[in-house]
Amino acid sequence: MSVKTTCPYCGVGCGVVASKDADGSVRVEGDGQHPANFGRLCSKGSALAETIGLEGRLLEPMIGGTPVHWDDALDRVASGFSRIIREHGPDAVAFYVSGQLLTEDYYVINKLAKGFVGTANIDTNSRLCMASSVAGHKRAFGSDTVPGCYEDLEQADLLVLVGSNAAWCHPILHQRMLAAKEKNPACRIVVIDPRRTATCEGADLHLPLRSGSDSVLFNGLFAFLAGSNAVDRDFVGSSTTGVVDALKQVAGQTVAQTAATCGLTEGAVGLFFDWFTRTERVVTLYSQGVNQSSSGADKVNAIINCHLLTGRIGRPGMGPFSLTGQPNAMGGREVGGLANQLAAHMELENPAHRDLVQRFWRAPVMADKGGLKAVDMFDAIADKRIKAVWIISTNPVVSLPDADRVRAALDACELVVVSDCVRDTDTTRHAHVLLPALAWGEKDGTVTNSERRISRQRPFLAAPGEARADWRIICDVAHRMGYSGFDYADVADVFREHAALSGYENNGQRDFDISALSTLDGRAYDALAPVQWPVTPDHPAGTARMFESRTFFTPNGKARFVPVMPRPAGNATSRDYPLVLNTGRVRDQWHTMTRTGKTARLMSHIFEPYAEFHPEDARVAGVQNEGLTRLTSPWGEMIARVVVSAEQRRGCVFVPMHWNEEFAGAGRVNALVNPVVDPVSGQPESKHTPVKADPYAPKWHAFILSRSPIRRPDTGYWVHGKAGDCWRLELCGDARPESWRDWARAQLGLEQVEIEWVAYRDPAAGRFRYAAVRDGRLEGCVFIAPDHTLPSRSWLTGLFAEQQLSANARMSLLAGRPFGAGEDTGPIVCSCFSVGRHQITAEIGKGADSVEAIGRRLKAGTNCGGCRPEISKLVGARAQSRQAIAS
Ligand SMILES: Nc1nc2c(c(=O)[nH]1)N[C@H]1C(S)=C(S)[C@@H](COP(=O)(O)OP(=O)(O)OC[C@H]3O[C@@H](n4cnc5c(=O)[nH]c(N)nc54)[C@H](O)[C@@H]3O)O[C@H]1N2
Ligand SMILES: Nc1nc2c(c(=O)[nH]1)N[C@H]1C(S)=C(S)[C@@H](COP(=O)(O)OP(=O)(O)OC[C@H]3O[C@@H](n4cnc5c(=O)[nH]c(N)nc54)[C@H](O)[C@@H]3O)O[C@H]1N2
Ligand code: SF4
Ligand SMILES: [Mo]
């Protein structure tokens with residue numbers, strides 16, 4: 001049996017085919033016919049089959065940690081919410097939801113809150129993600145419209161990526177861009193990011209601008225364009241308003257000034273401006289380096305201004321392009337999931353829209369003012385203005401800024417309901433009621449990707465345990481609260497209503513219109529092929545590109561220039577907090593790791609939370625590569641592994657957002673992140689927090705590898721996860737046990753078991769190595785040292801695959817390095833074929849001089865291709881050092 005569905009991770013929205021073999025095992029492959037990926041998948045998509053096991057799943061409803069019947073759980077939620085609404089009014093409750101819900105789930109929760117409870121206190125993690133783009137679009141176009149499509153990226157002659165690490169975060173789209181560039185030698189790629197990321201491999205120009213200075217850069221470009229012949233006077237004159245004011249704002253801004261403020265060379269800025277001016281087909285792609293800023297919406301408009309001035313919008317190969325993060329970031333916007341939106345791209349604050357939606361829903365009350373946005377919502381929970389919150393499909397204790405405060409808020413809240421598919425997360429720990437949701441592979445509905453393409457997620461697995469679809473859980477609660485209007489026969493029924501609302505009294509006034517899909521019967525809904533909205537009776541096959549007619553959704557039909565006055569970041573660095581903390585993603589993890597953290601393959605690329613420093617900043621802070629650092633901000637602190645790299649901009653330190661208390665002690669970066677938000681969009685500034693870094697030097701460091709899960713310490717720095725065929729725990733401490741041997745044995749949980757100990761002790765040096773062998777097979781090993789220089793984990797992990805440890809392997813365990821036993825592959829670069837860095841450098845040493853040559857010799861980079869930038873970097877580094885030797 002095979003089923004076509006859509007990848008549940010990023011906004012590229014790749015189609016996948018899931019097949020079940022006779023033995024019940026599942027294979028997941030790229031869907032060759034899906035227009036987003038044409039069969040390709042990245043490392044995360046390729047590993048989907050490894051993440052669908054039931055280990056760690058939440059499979060029963062629970063109240064206070066005890067399993068209960070669904071009826072009891074639903075009654076508790078409904079009666080708790082109803083009572084608080086009765087006693088304190090509708091604004092005393094809140095819903096915090098997610099761009100990972102399916103459109104149908106999202107539609108009903110939004111309907112429940114805004115039309116039946118009568119509160120707009122429903123916000124979503126899209127506030128942390130896309131809110132600035134939404135605000136920017138609305139200011140410029142009068143609607144939240146992404147104008148272009150993926151084919152535009154292939155037809156462009158200049159691709160500008162701003163604050164986007166697409167090589168790691170939108171890998172398949174990035175590969176499409178690189179493939180197009182290969183075919184079109186005229187095509188250039190510019191990357192604008194304070195860090196030199198994997199996306200810079202394959203780019204023609206990298207502008208490592210000062211953190212937060214994008215508005216200055218694009219204002220500079222705007223001024224430069226104004227003085228060139230790239231201005232499209234017809235378009236500006238007939239299809240836009242506000243150009244004079246916007247130009248006034250940038251009048252006189254020179255390339256030299258721009259470069260100085262952005263911390264760039266004049267030459268590099270001039271080159272970028274020159275390319276932009278002279279290239280008609282230019283797409284500017286942007287993501288969280290733009291959105292997650294206290295001036296995110298302004299950055300978006302500074303970019304759009306440049307496209308409006310040149311008329312480069314609504315035509316093939318050009319336009320501003322907001323890359324969406326989550327699989328259904330767009331679907332959430334379509335149903336009005338944000339606290340300031342109404343369903344079907346309507347405005348909450350617009351009385352005509354409210355009236356229309358109220359009539360369509362036959363809603364008893366309508367929220368009539370914007371609700372609390374994510375950060376404010378958790379503040380209101382903290383000070384008890386909100387007394388009940390229902391969190392669905394998001395993990396705010398990890399992902400919101402000032403996350404310790406978020407945790408405290410939930411602890412203080414009268415009623416916390418969490419719907420998730422995973423039992424233990426940093427957020428589920430604080431729930432009074434836990435509701436088990438269906439996960440990817442089980443659930444059924446639709447998602448919309450970055451290019452407005454609606455695709456089906458179809459189930460291929462049976463619902464496990466008691467888990468239910470989110471939309472059904474929400475409707476069941478709505479019923480119990482006494483609301484009618486939630487009697488859907490099935491998920492297709494919800495979709496039809498959503499589609500019908502989009503066309504209701506629309507008459508071409510609203511961009512989001514999928515009314516042609518409002519009559520799909522069950523079978524047609526099941527078979528729905530990927531299609532780009534609008535899908536109307538006039539355009540039944542969908543719409544690739546918007547604004548082709550050069551009219552916009554503002555009252556006068558004209559696009560608006562927005563004057564942008566650059567502002568500094570919300571919190572400046574100081575003597576006490578001299579570094580800018582920048583946060584973001586790594587290639588193989590998805591957000592809070594609840595799914596990608598389940599597979600050893602995806603854990604092998606980067607195992608520990610890390611802080612990446614420029615060499616000069618590392619020297620000043622006194623931290624060492626591979627050592628540990630304590631990072632502190634005015635809001636909180638964390639501990640991370642140090643990476644020293646010239647790819648960091650001086651003054652910035654980068655930390656991934658993923659690690660949390662399920663995987664690490666003291667590894668939650670959002671404990672430090674300032675809760676400052678953009679005043680226009682309410683989006684938090686996740687990329688700019690002033691911090692200081694100190695060396696963290698505990699008295700001992702250790703790691704443990706074990707065939708069975710290892711008990712995690714309660715305090716201090718530790719990291720836990722799967723590694724190859726075993727589990728791995730990194731830890732450290734100050735207090736020494738009386739006997740390291742007993743300690744090691746206890747850590748492995750082998751006190752009561754007959755085993756053979758292989759031990760090496762050097763008490764004077766503080767080095768101890770223990771290995772437990774049973775029936776000739778390695779059960780576990782524990783390595784302790786006074787500093788962070790411990791043996792290679794990737795090599796040791798490999799020894800667990802051996803059924804009988806050789807004499808050499810035993811010797812190696814004692815010596816702490818391979819003696820012809822196993823291979824030290826080094827940290828894994830290619831997670832598809834488990835190829836490590838040492839293997840790649842060895843082949844480069846033997847003459848492999850390109851990514852392709854490495855692929856031929858080791859297969860690395862030949863499946864998903866996500867590691868190709870890293871291989872390219874290793875090849876490049878070698879070539880550079882050869883040159884240096886030769887000269
Ligand atoms: N592997 C992986 N892929 C993902 C996700 C994931 O968790 N893992 N999540 C998905 C989601 S929800 C999202 S939103 C997207 C995010 O996708 P991206 O936005 O591409 O990812 P980030 O790493 O958050 O940030 C992008 C870059 O912004 C840069 N940056 C920081 N400050 C500035 C600045 O002031 N100006 C500029 N120009 N750049 C700056 C950072 O250095 C970083 O390299 O990824 C999606 N894809
Ligand atoms: N410092 C910093 N913080 C950030 C960011 C950053 O760049 N830096 N990025 C921000 C961005 S862009 C985003 S999108 C957020 C993401 O942050 P979160 O949304 O908090 O992260 P996830 O791990 O994706 O959380 C999804 C949760 O929903 C569960 N889940 C998955 N599928 C389903 C389902 O079908 N139903 C239900 N009920 N539950 C499900 C998962 O198990 C998981 O617990 O993080 C934001 N926070
Ligand atoms: S690029 Fe990767 S994570 Fe994103 S949708 Fe495609 S396969 Fe999934
Ligand atoms: Mo996101």
Side-chain angles (χ1 to χ4, degrees), residues 6-16 28 30-31 34 36-37 40-48 98-100 124-131 133 160-176 191-200 207-215 217-218 262 285-293 295-296 299 303 322-329 394 399 447 449-450 455 569 580-593 595-596 602 605-606 612 647-649 652 654 656-658 683 685-688 864 866:
T6 311
C7 175
Y9 297 124
C10 83
V12 178
C14 297
V16 305
V28 172
D31 176 354
H34 197 286
N37 59 319
R40 300 201 65 116
L41 293 178
C42 76
S43 53
K44 295 180 299 301
S46 306
L48 272 168
S98 157
Q100 288 166 77
T124 122
N125 62 1
S126 278
R127 183 68 61 194
L128 321 177
C129 184
M130 301 316 305
S133 280
V160 184
L161 289 112
V162 198
S164 154
N165 184 10
W168 280 11
C169 297
H170 298 91
I172 296 302
L173 204 54
H174 185 244
Q175 288 178 20
R176 279 180 70 168
V191 176
I192 300 172
D193 190 314
R195 297 191 298 152
R196 189 182 163 83
T197 61
T199 308
C200 298
L207 298 179
L209 83 177
R210 181 170 290 139
S211 161
S213 63
D214 305 75
S215 299
L217 184 67
F218 280 88
C262 296
L285 300 111
Y286 52 93
S287 191
Q288 299 314 338
V290 168
N291 292 341
Q292 288 172 341
S293 157
S295 54
K299 286 184 177 186
I303 292 170
S322 144
L323 287 170
T324 55
Q326 298 176 89
N328 204 25
T394 176
S399 53
V447 289
N449 74 1
S450 292
S455 294
V580 171
L581 173 67
N582 173 15
T583 63
R585 293 156 170 81
V586 302
R587 192 188 78 195
D588 287 356
Q589 290 302 334
W590 177 261
H591 296 166
T592 72
M593 305 167 74
R595 290 169 289 165
T596 43
L602 295 181
H605 181 236
I606 295 174
E612 194 168 324
E647 305 192 329
Q648 272 307 308
R649 198 190 148 85
C652 297
F654 178 83
M657 64 165 291
H658 309 289
Q683 178 151 356
E685 183 153 64
S686 319
K687 302 270 187 268
H688 195 293
C864 82

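A quick note: this is a predicted structure, and the numbers were derived from the prediction, not measured. Every heavy atom of this structure was used, including side-chain atoms; hydrogens, water molecules and symmetry mates were not. One-based numbering, in listed order, for ligands and for the atoms of each.
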Residue and atom name of the nearest protein heavy atom (relative to atom 8 (Fe) of ligand 3), distance in Å to one decimal: Cys7 SG, 2.3 Å

Steps toward side chain to side chain donor-acceptor pair (under 3.5 Å) verdict (His170, Ser164): CA-CA 9 Å; His170 298 91; Ser164 154; 4.9 Å; no

Residue portion contacting ligand 1 (non-hydrogen atoms closer than 4.0 Å) for Lys44: side chain

Numbered atoms and elements of ligand 3 in range of Tyr9, under 4.0 angstrom, heavy atoms: 3 (S)

Identity and distance of the protein heavy atom lying nearest atom 44 (O) of ligand 1: Asp193 OD2, 2.6 Å

Leu41: numbered ligand 3 atoms lying under 4.0 Å from its heavy atoms: 7 (S)

Atom 20 (O) of ligand 1: nearest protein contact (heavy atom, Å): Asn165 N, 2.8 Å

Thr199 side chain vs Ala166 backbone, donor-acceptor pair below 3.5 Å: yes

Contact flag Cys14/atom 8 (Fe) of ligand 3, N/O/S atoms, threshold under 2.8 Å: no

Whether Tyr9 and Trp590 hold their rings parallel, tilted or perpendicular, with breakpoints at 30° and 60°: tilted

Pairwise side-chain contact, Gln326 with Ser126, heavy-atom cut-off 4.5 Å (strictly under): yes

Residue His658 vicinity, atoms of ligand 1 by number, heavy atom under 4.0 Å: 7 (O)

Note, Cys7 side chain near Leu48 side chain (heavy atom, < 4.5 Å): yes

Residue and atom name of the nearest protein heavy atom (relative to atom 10 (C) of ligand 1), distance in Å to one decimal: Trp590 CZ3, 3.3 Å

Minimum-distance protein heavy atom relative to atom 18 (P) of ligand 1: Ser287 OG, 3.5 Å

Options Ala166, Cys169, Ser293, Cys42, ranked by nearest heavy atom to atom 17 (O) of ligand 1, top entry: Cys169

For atom 1 (S) of ligand 3, closest protein heavy-atom neighbour: Ile172 CG1, 3.4 Å

Passing candidate, side chain to side chain donor-acceptor pair (under 3.5 Å) with Gln292, options Glu685, Gln683, Lys687, Lys299: Lys687

Contact atoms of ligand 3, heavy-atom distance to Gly13 under 4.0 Å: 5 (S)

Contact partition for Cys10 relative to ligand 3, non-hydrogen atoms under 4.0 Å: both

Heavy atom of Lys44, distance to ligand 3 below 4.0 Å: yes

Residue Pro171 vicinity, atoms of ligand 3 by number, heavy atom under 4.0 Å: 1 (S)

For atom 7 (S) of ligand 3, the protein heavy atom that lies nearest, with its residue and separation: Cys42 N, 3.6 Å

